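Residue numbers run from 1 in the order of the sequence given. Computation of the quantities below employed the complete heavy-atom set of this structure, encompassing side-chain atoms and omitting hydrogens, waters and symmetry-equivalent molecules. Keep in mind that this is a model prediction, so the values were computed, not measured.
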Amino acid sequence: MTAPASDLSVPPPRIAAPKTFIKEEERVQQLRHCLSVEALPGIVRTVGALVLLFGFPYTRLLGLTIHDVIVSGDAVELGIDGHSLRLPPKADQLLLEQRKASAERWIINQTASTTPWLFPGQEPARPIRSEYLGLLLRRHGFEGLASRNSARLALASDLPASVLADLTGTSISNATRWTGYARRDWLDYIASRTEI
């Protein structure tokens with residue numbers, strides 16, 4: 001006799017911990033490279049900086065339009081997943097340059113595309129493909145997954161899960177996993193926030 005299906009319990013699939021990282025010194029060096037080497041293509045510099053700073057996956061960046069780059073006084077913000085993310089100096093200039101180049105291209109191709117992509121592809125109606133973007137970055141010495149993982153780990157070691165989730169636009173469960181990988185006690189952070 002077989003057990004009824006209602007008695008069966010299927011455990012949730014285990015999510016493997018990330019294994020591909022670069023050293024923190026290398027991440028910082030690559031970020032400086034993105035911010036200062038003008039010979040690199042603008043898209044490589046901009047995407048590289050965003051990945052190395054915030055750990056964004058390419059797919060999240062490819063949905064951005066020129067309207068997601070917001071200038072507010074002296075600040076440049078990136079509107080991503082319903083949040084406004086203020087960019088640090090130099091990275092903000094890269095984003096403004098990328099927005100300008102993409103807006104100029106979109107003006108020429110408006111009849112083919114109603115969406116002004118921040119990272120346009122060969123076809124004006126679509127953003128650049130993530131596979132091509134990854135290849136382009138690798139060609140210039142950037143490892144996408146390792147860079148993203150290292151940036152997320154650096155953020156997770158400095159921020160509690162709820163702040164990390166808001167900042168990176170990821171789920172709270174994903175952010176909690178990352179803070180678990182960083183193994184940080186957040187009591188000091190919470191105490192400092194209550195004093196403000």
Side-chain angles (χ1 to χ4, degrees), residues 18 20-22 26-71 75-155 165-171 174 178:
T20 308
F21 294 91
I22 56 176
E26 186 178 350
R27 185 179 75 86
V28 171
Q29 180 184 12
Q30 285 185 4
L31 179 58
R32 285 188 183 126
H33 195 68
C34 287
L35 298 175
S36 61
V37 177
E38 293 181 13
L40 289 174
I43 192 170
V44 170
R45 295 179 72 199
T46 306
V47 171
L50 292 172
V51 170
L52 290 161
L53 281 169
F54 303 111
F56 292 132
Y58 299 152
T59 52
R60 179 159 288 128
L61 298 175
L62 298 183
L64 297 173
T65 70
I66 60 175
H67 304 302
D68 293 317
V69 179
I70 305 150
V71 178
V76 176
E77 297 175 345
L78 180 62
I80 190 161
D81 293 331
H83 301 285
S84 291
L85 179 62
R86 188 172 184 167
L87 296 169
K90 291 191 179 180
D92 62 356
Q93 294 307 306
L94 286 178
L95 204 59
L96 288 175
E97 290 168 15
Q98 181 65 39
R99 179 181 74 168
K100 180 181 179 205
S102 297
E104 289 170 355
R105 183 171 171 198
W106 181 69
I107 287 171
I108 295 168
N109 293 316
Q110 279 186 66
T111 56
S113 176
T114 58
T115 306
W117 300 110
L118 185 58
F119 302 108
Q122 291 291 72
E123 296 178 38
R126 301 181 190 280
I128 191 170
R129 293 183 50 210
S130 63
E131 299 86 0
Y132 178 70
L133 184 59
L135 178 63
L136 187 60
L137 268 78
R138 276 193 302 279
R139 206 177 284 157
H140 290 281
F142 299 100
E143 290 298 323
L145 182 60
S147 299
R148 186 193 81 195
N149 287 347
S150 298
R152 285 248 174 117
L153 190 63
L155 288 170
D166 280 347
L167 178 68
T168 60
T170 190
S171 68
N174 188 20
W178 278 99

For this session: Would you indicate whether the side-chain heavy atoms of Leu87 and Leu94 approach each other to under 4.5 Å?
Result: no
Seminar exercise, completed: Looking only at heavy atoms, the pair that brings Arg27 and Ala154 closest together is NH2-CB, 3.5 Å
Problem set entry | Separation between CZ of Phe21 and CG of Leu153, rounded to the nearest 0.5 Å | 5.0 Å
For this session: Mark yes or no for whether Asn149, through its side chain, and Ala146, through its backbone, hold a donor-acceptor pair below 3.5 Å.
Result: no
Exercise. To the nearest 0.5 Å, what is the distance between CZ (Arg138) and CG (Leu145)?
Worked result: 10.5 Å
Exercise. Does atom CD of Gln122 have more than 12 heavy-atom neighbours, drawn from other residues, nucleotides or ligands, at distances under 6.0 Å?
Worked result: no
Problem set entry | Distance (rounded to the nearest 0.5 Å) between Leu96 CG and Ile66 CD1 | 12.0 Å
Problem set entry | Any Arg152 side-chain heavy atom under 4.5 Å of Pro18 side chain | no
Problem set entry | Shortest non-hydrogen contact from Gly79 toward Leu64 | O-CD2, 3.6 Å
For this session: Find out whether Trp178 and Leu155 are in side-chain contact, i.e. whether some heavy atom of one side chain is under 4.5 Å from a heavy atom of the other.
Result: no
Exercise. Checking Ser150 side chain against Ile22 main chain: does a donor-acceptor pair fall under 3.5 Å?
Worked result: yes
Exercise. Can you tell me how far CG of Leu135 sits from CG of Leu137, rounded to the nearest 0.5 angstrom?
Worked result: 9.5 Å
Exercise. Considering all heavy atoms of both residues, which atom of Val51 and which atom of Gly144 are nearest to each other, and what is their separation?
Worked result: CG1-O, 4.1 Å
Problem set entry | Separation between OG of Ser147 and CG of Leu50, rounded to the nearest 0.5 Å | 12.5 Å
For this session: Enter the distance from Thr115:OG1 to Arg126:CZ here, rounded to the nearest 0.5 Å.
Result: 11.0 Å
Exercise. Would you say Arg129 has more than 12 foreign heavy atoms packed within less than 6.0 Å of its CZ?
Worked result: no
For this session: Please report the closest heavy-atom contact between Ile128 and Leu62, naming both atoms and the distance.
Result: O-CD1, 3.2 Å
For this session: Without swapping roles, check the side chain of Arg60 against the backbone of Thr168 for a donor-acceptor pair under 3.5 Å.
Result: yes
For this session: Apply side chain to side chain contact (heavy atoms under 4.5 Å, CB included) to the pair Leu118 and Asp68, showing each step before the final yes or no.
Result: CA-CA 8 Å; Leu118 185 58; Asp68 293 317; 5.8 Å; no
Exercise. Stepwise, does the side chain to side chain contact (heavy atoms under 4.5 Å, CB included) test hold for Val28 with Leu31?
Worked result: CA-CA 5 Å; Val28 171; Leu31 179 58; 5.6 Å; no
Exercise. Where do Leu133 and Phe119 land on the side chain to side chain contact (heavy atoms under 4.5 Å, CB included) test, with the steps shown first?
Worked result: CA-CA 9 Å; Leu133 184 59; Phe119 302 108; 5.9 Å; no
For this session: Work out which heavy atom in Val44 is nearest to a heavy atom in Cys34; give both atom names and the distance.
Result: O-SG, 4.3 Å
Exercise. Looking at side-chain heavy atoms only, is the closest gap between His33 and Leu40 below 4.5 Å?
Worked result: yes
Exercise. Do the side chains of Phe142 and Leu52 get nearer than 4.5 Å, heavy atoms only?
Worked result: yes
For this session: Please confirm whether the backbone N or O of Leu35 pairs with a side-chain atom of Arg45, one donor and one acceptor, at under 3.5 Å?
Result: yes
For this session: Output, in order, the C-alpha distance, side-chain angles, deciding distance and verdict of side chain to side chain contact (heavy atoms under 4.5 Å, CB included) for Ile80 and Phe56.
Result: CA-CA 10 Å; Ile80 190 161; Phe56 292 132; 3.9 Å; yes
Seminar exercise, completed: Nearest heavy-atom approach of Ala151 to Gly55 is CB-N, 3.5 Å
Exercise. Quick one: does Val47's side chain get under 4.5 Å of Leu136's, heavy atoms only?
Worked result: no
